[in-house]
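Note on naming: letters A, B, ... go to the chains in the order of the sequence lines (proteins, then strands), and numbering restarts at 1 for each one.
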Protein chains: 2
Amino acid sequence: MAPRTNPSPAPGESEEDVCRQVLRILSLIGDKWSILVIGQLRDGTLRFGELHRAVTGISQRMLTLTLRQLERDGLLTRTVHAGVPPRVEYTLTELGTTLLDSAIALGEWATTHRHEINDNRRRYDAAHPS
Amino acid sequence: MAPRTNPSPAPGESEEDVCRQVLRILSLIGDKWSILVIGQLRDGTLRFGELHRAVTGISQRMLTLTLRQLERDGLLTRTVHAGVPPRVEYTLTELGTTLLDSAIALGEWATTHRHEINDNRRRYDAAHPS
DNA sequence: CAGGATCCTGCCCGATACTG
DNA sequence: CAGTATCGGGCAGGATCCTG
């Protein structure tokens, strides 16, 4: 059970700071591309092009931006291997792995309740013919 | 541990359908307003105006839209009490409560690792003076 | 009080073209 | 191959005004 106490504001940061930080991290989960990219890296290292092909529908631009953000947060590492053609590999850090585990837990909640939610939606739409 | 098996596509739905549904539900978590609204309802029923005041910064419009979506998904109930002035109360359903619990687990991950992530960011920004 | 309806703006993101 | 740079459309969402 989650404690009802405040998230320990810690010295030097306001409670609002904590809230914004947590929200920003949560938005990582909500971000379609972030989760998909992290998920692809679950089983090991992948190159840029492999990720590009694995994550269906993502544009080069968004893949780059997503990877930069995740690298910045320390959720994955970017390794450039010298030579031609260039070769850049991406790997989850341990931090990234723990996030993925938590996200998967939430994904299982979503998977478990998807039918219930779909039913709710159908009922609502049927009752609200706007 | 999360099973590596596919999320049981179930008869009548493709694997892509499942993926899209799960992603859409995950985006609920990432959505700033949804999480904040659900969080406010943790300890019981609140009226529209109370939510409006509790969730700092949300506009009337976004609060309405957020509440509608959550009601549609069956995460909360909307109860209109006749009379003047109007009185509309919002309460989490059990489904909503279970989602909140999962989200809180993720929030605790974020809270736990916020300093580590902040440090990573500072390091990255220091190393990439673009 | 609890919202509709409307206008308007910023920015997100995809498409495209170019480079080391 | 693995990106950067640039342009542009779409739409999320804030501000404002109006009702039952």
Pairs meeting criterion ring-ring contact (aromatic ring centres under 6.0 Å, His included) with involvement of residues 34-82 of chain B, two or more places apart: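 Sorted result for residues 34-82 of chain B: empty, none.
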Within residues 76-91 of chain B, residues whose heavy atoms come under 4.0 Å of DNA chain C: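 Going residue by residue through residues 76-91 of chain B, the ones with a heavy atom under 4.0 Å of DNA chain C turn out to be B:R78, B:P85, B:P86, B:V88, B:Y90.
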If I take atom [atom1] in residue [X] and atom [atom2] in nucleotide [N], what distance separates them, rounded to the nearest angstrom?
X: B:Q60; N: C:dA5; atom1: CD; atom2: C1'; result: 12 Å
X: B:L63; N: C:dC1; atom1: CG; atom2: P; result: 14 Å
X: B:I58; N: C:dA2; atom1: CD1; atom2: P; result: 14 Å
X: B:F48; N: D:dG20; atom1: CZ; atom2: P; result: 18 Å
X: A:L51; N: D:dA2; atom1: CG; atom2: P; result: 9 Å

Interatomic spacing from OG1 in A:T45 to CZ in A:R47 - rounded to 0.5 Å: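 CZ of A:R47 is found 12.0 Å from OG1 of A:T45.
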A:R47 vs D:dA2: side-chain N/O to OP1/OP2 distance below 4.0 Å: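 Affirmative; the distance criterion is met.
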Phosphate-side-chain proximity, B:R53 and C:dC1, N/O vs OP1/OP2 below 4.0 Å: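 Answer no for this pair, as no side-chain N or O of B:R53 is under 4.0 Å from OP1 or OP2.
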Partners meeting side-chain contact (heavy atoms from CB on, under 4.5 Å) with B:R121 (sequence neighbours left out):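 side-chain contact (heavy atoms from CB on, under 4.5 Å) list for B:R121, sorted by chain: A:R24, A:R72, A:D73, B:I117, B:N118.
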Co-membership, hydrophobic cluster, residues A:V55 and A:Y90, 4.5 Å side-chain: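 Yes, because A:V55 and A:Y90 connect within a single hydrophobic cluster, where side-chain heavy atoms sit under 4.5 Å apart.
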Toward the 5' end of DNA chain C, by each residue's nearest nucleotide, A:G57 or B:L67: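 Nearest-nucleotide comparison on DNA chain C picks B:L67.
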Non-neighbouring partners of B:W109 that pass ring-ring contact (aromatic ring centres under 6.0 Å, His included), sequence neighbours left out: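 B:W109 satisfies ring-ring contact (aromatic ring centres under 6.0 Å, His included) with B:H113 only.
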Heavy-atom donor-acceptor pair, B:D101 side chain to B:T98 backbone, under 3.5 Å: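 Such a contact is absent between B:D101 side chain and B:T98 backbone.
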Contact state string [nucleotides 6-13 of chain C, B base, S sugar-phosphate only, - no protein heavy atom under 4.0 Å]: B------B
Within residues 74-98 of chain A or reaching into it, pairs that qualify as salt bridge (charged side-chain N to carboxylate O under 4.0 Å, His left out) - sequence neighbours excluded: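 Pairs touching residues 74-98 of chain A that pass the test: A:R87-A:E89.
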Basic-acidic side-chain contact under 4.0 Å: A:R122, A:D125: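 No, A:R122 and A:D125 are not salt-bridged.
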B:T77 versus B:T93, side-chain donor and acceptor atoms under 3.5 Å: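 There is no such pair between these side chains.
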